[in-house]
Trainee: 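Sharing a structure below in structure tokens format, with a few things to ask.
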2 protein chains.
Amino acid sequence: MQDAHIGLTLFLGRLKLNSTLSEAEQAAILNLSFREVQVATKDDLIMPGETVTYSTLVAHGHLGRFDLMRNGSKQITAFYIPGDMCDLFSVVAPTVGWGISAFGPATVLQVPHAALMAVATEYPNLAFAFWRDTTLDASILAKWASNIGRKKATPRIAHLLCEIGIRLERAGLGSRQGFELELTQEQIGDAVGLTSVHVNRSMQALRADGLIVTKRQMMSIPDWNRLAEAAEFAPAYLLHDEATSGREEAGRSA
Amino acid sequence: MQDAHIGLTLFLGRLKLNSTLSEAEQAAILNLSFREVQVATKDDLIMPGETVTYSTLVAHGHLGRFDLMRNGSKQITAFYIPGDMCDLFSVVAPTVGWGISAFGPATVLQVPHAALMAVATEYPNLAFAFWRDTTLDASILAKWASNIGRKKATPRIAHLLCEIGIRLERAGLGSRQGFELELTQEQIGDAVGLTSVHVNRSMQALRADGLIVTKRQMMSIPDWNRLAEAAEFAPAYLLHDEATSGREEAGRSA
DNA sequence: CGGATTATTGAGTAATATCAATCAGCGTGG
DNA sequence: CCACGCTGATTGATATTACTCAATAATCCG
């Protein structure tokens, strides 16, 4: 089993961020079966209400989870980067209430639920690792809810940028000070519950304050702490160790 | 092991809604150890950032999960009813990013993580059931995000009312047409991202349209389908069967 | 009854959405 | 290399929605 697919390696790396895995367990991950699929920009991989038999692992590119409203508007409820298993959830609840689509060209691995279920049954510790992984997803979502529900436009967008930066950094895919953001302003709006016009104006405000610098799809953060402060961002919710009692660095609650 | 605590019985009932459990597995649930705690209105059981060693099972009363902003405002990110294990999550991620508080007088059982971990390890199927249970929580949260992010005040509130009604009904604790709502208008606002003043006015609009009738803490829904229509509510996201391919009744996507 | 929440109301303000252009970048075909 | 057509970014003007502040009425609770 030399030379596992890069996607599986990334996934393993992600799991190891939060869970301690034995050699055998790691090997089991790297040996998961999969089907590689290339996706074009804006392709929908999964539509809301589908019943799926596999989970979608991002090997390359950025994907998102979304919900559609009757009037055509869209809410993005998650942002996925390489190493993320988009709907690991669906192993235990195969009828999903949301869709998954690609923000840019992407490569994904479809990993059969049966395979995931098998390794999770053989290695209980892997079941816990999977569960822990989806828990992180839920933790992020809870933070999105409070971000959307209780903040003004500017800090809302800033919070999203902080989160993405940290996640990319933790995944070894960039730095919080500079990363590629494959989202249009409209998609940012769909993530934080704003209009593209308002996103545009709010981002101009962030630029005017020197909090962000944009060039093409490159997002640069000259002074990360200042952006985190403006966003009221505290990274603790992203760090789901098995037994964390650690505290975060920036921001303070209440 | 005759006469398990009512809280455990409710929890088992809740798990069985979505998972098939063997006799032994059911017995293991009913035999979980716990510490019973009485809570007064507005008590905080858990504060954001705490590391907990137990999960909190609601035996009686209504609880909520919340996040606090620097300016003192609060976002409620979940609503828990009897039978719900508030932070089953925390079994695998004991440092929680949120708080739990009671909306009214309540009784909860604190179930040690060790006990939950033990039964989940002994019965892999229980691990999946737990995982599935937290997945439902996440599914609800995703729906809250789109509710908050992409809907006007009136449908937002209506959606919350629909959801609570269905959940109480499914838990055998009331009917979607009439149930007790232990939330103040301010708390409703904290759940849907609105001011109490605006909640008040929006609920007046709902009443004027004949969509809801309130008396004390009793919420009555004369024509449930009409409310669901106004809320753009489709209950599918609440039904997380192991292998659902069923469709919902009301509402339509896209 | 008295004090404390909670609900309701009104008036004024701020934030965000909407609508409609225009501008800029970028790939394509000629 | 350039004109064309597309998507996404930006701008301006206006309409709505929701928030704020401040007061009053209702209820609750002992």
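So that the names make sense, note that chain A is the first sequence line, chain B the second, and so on, each numbered from 1. The shown structure was predicted, so the numbers you read here are calculated from the model rather than taken from an experiment.
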Trainee: Using a cut-off of less than 4.0 Å, is there contact between a side-chain N or O of Q204(A) and OP1 or OP2 of dT11(D)?
Mentor: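 Answer is yes, contact under 4.0 Å.
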Trainee: Check whether any side-chain N or O of K42(B) sits under 4.0 Å from OP1 or OP2 of dT6(C), and answer yes or no.
Mentor: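 Affirmative; the distance criterion is met.
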Trainee: Given the rule in the side-chain contact (heavy atoms from CB on, under 4.5 Å) test, do D223(A) and L211(A) qualify, once you have shown the distances and angles that lead to the verdict?
Mentor: CA-CA 7 Å; D223(A) 183 342; L211(A) 291 171; 5.9 Å; no
Trainee: So that I can tick it off, tell me whether R150(A) and D190(B) are bridged by a salt bridge, with the cut-off set at under 4.0 angstrom between side-chain N and carboxylate O.
Mentor: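 A salt bridge is present here (some side-chain N lies under 4.0 Å from a carboxylate O).
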Trainee: Rounded to whole Å, please give me the gap between CG in N200(B) and C1' in dT8(C).
Mentor: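 Whole-Å distance recorded here is 5 Å.
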Trainee: Not counting sequence neighbours, which residues clear side-chain contact (heavy atoms from CB on, under 4.5 Å) with P222(B)? List them please.
Mentor: V213(B)
Trainee: Could you tell me the separation between the CZ atom of R207(A) and the C1' atom of dT11(D), rounded to a whole number of Å?
Mentor: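 In whole Å, dT11(D) C1' lies 13 Å from R207(A) CZ.
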Trainee: Is it the case that the side chain of R156(A) and the backbone of L194(A) share a donor-acceptor pair, with hydrogens and angles ignored and the cut-off at 3.5 Å?
Mentor: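 Flag not set: sc R156(A) to bb L194(A) has no pair under 3.5 Å.
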Trainee: Identify, residue by residue, the members of residues 182-190 of chain A with a heavy atom below 4.0 Å from DNA chain D, and return them in order of residue number, or none.
Mentor: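 The answer is T184(A), Q185(A).
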Trainee: Holding to side-chain contact (heavy atoms from CB on, under 4.5 Å), I want the full list of residues that pass it with A78(A), two or more places apart in sequence or in another chain.
Mentor: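 Listed in chain order: R65(A), Y80(A).
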Trainee: Return the set of residues passing ring-ring contact (aromatic ring centres under 6.0 Å, His included) with H5(B) (not counting sequence neighbours), or none when no residue passes.
Mentor: F34(B)
Trainee: Spell out protein contact along nucleotides 10-20 of chain C as letters: B when the base is contacted, S when just the sugar-phosphate is, - when no protein heavy atom is under 4.0 Å; keep the 5' to 3' order.
Mentor: BB---SBSBB-
Trainee: Considering residues at least two apart in sequence or located in another chain, which fulfil the side chain to side chain donor-acceptor pair (under 3.5 Å) criterion with E163(B)?
Mentor: W144(B), R167(B), Y237(B)
Trainee: Could you tell me whether the side chain of R14(A) reaches within less than 4.5 Å of the side chain of L136(A), counting heavy atoms only?
Mentor: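 Heavy-atom side-chain distance check passes, below 4.5 Å.
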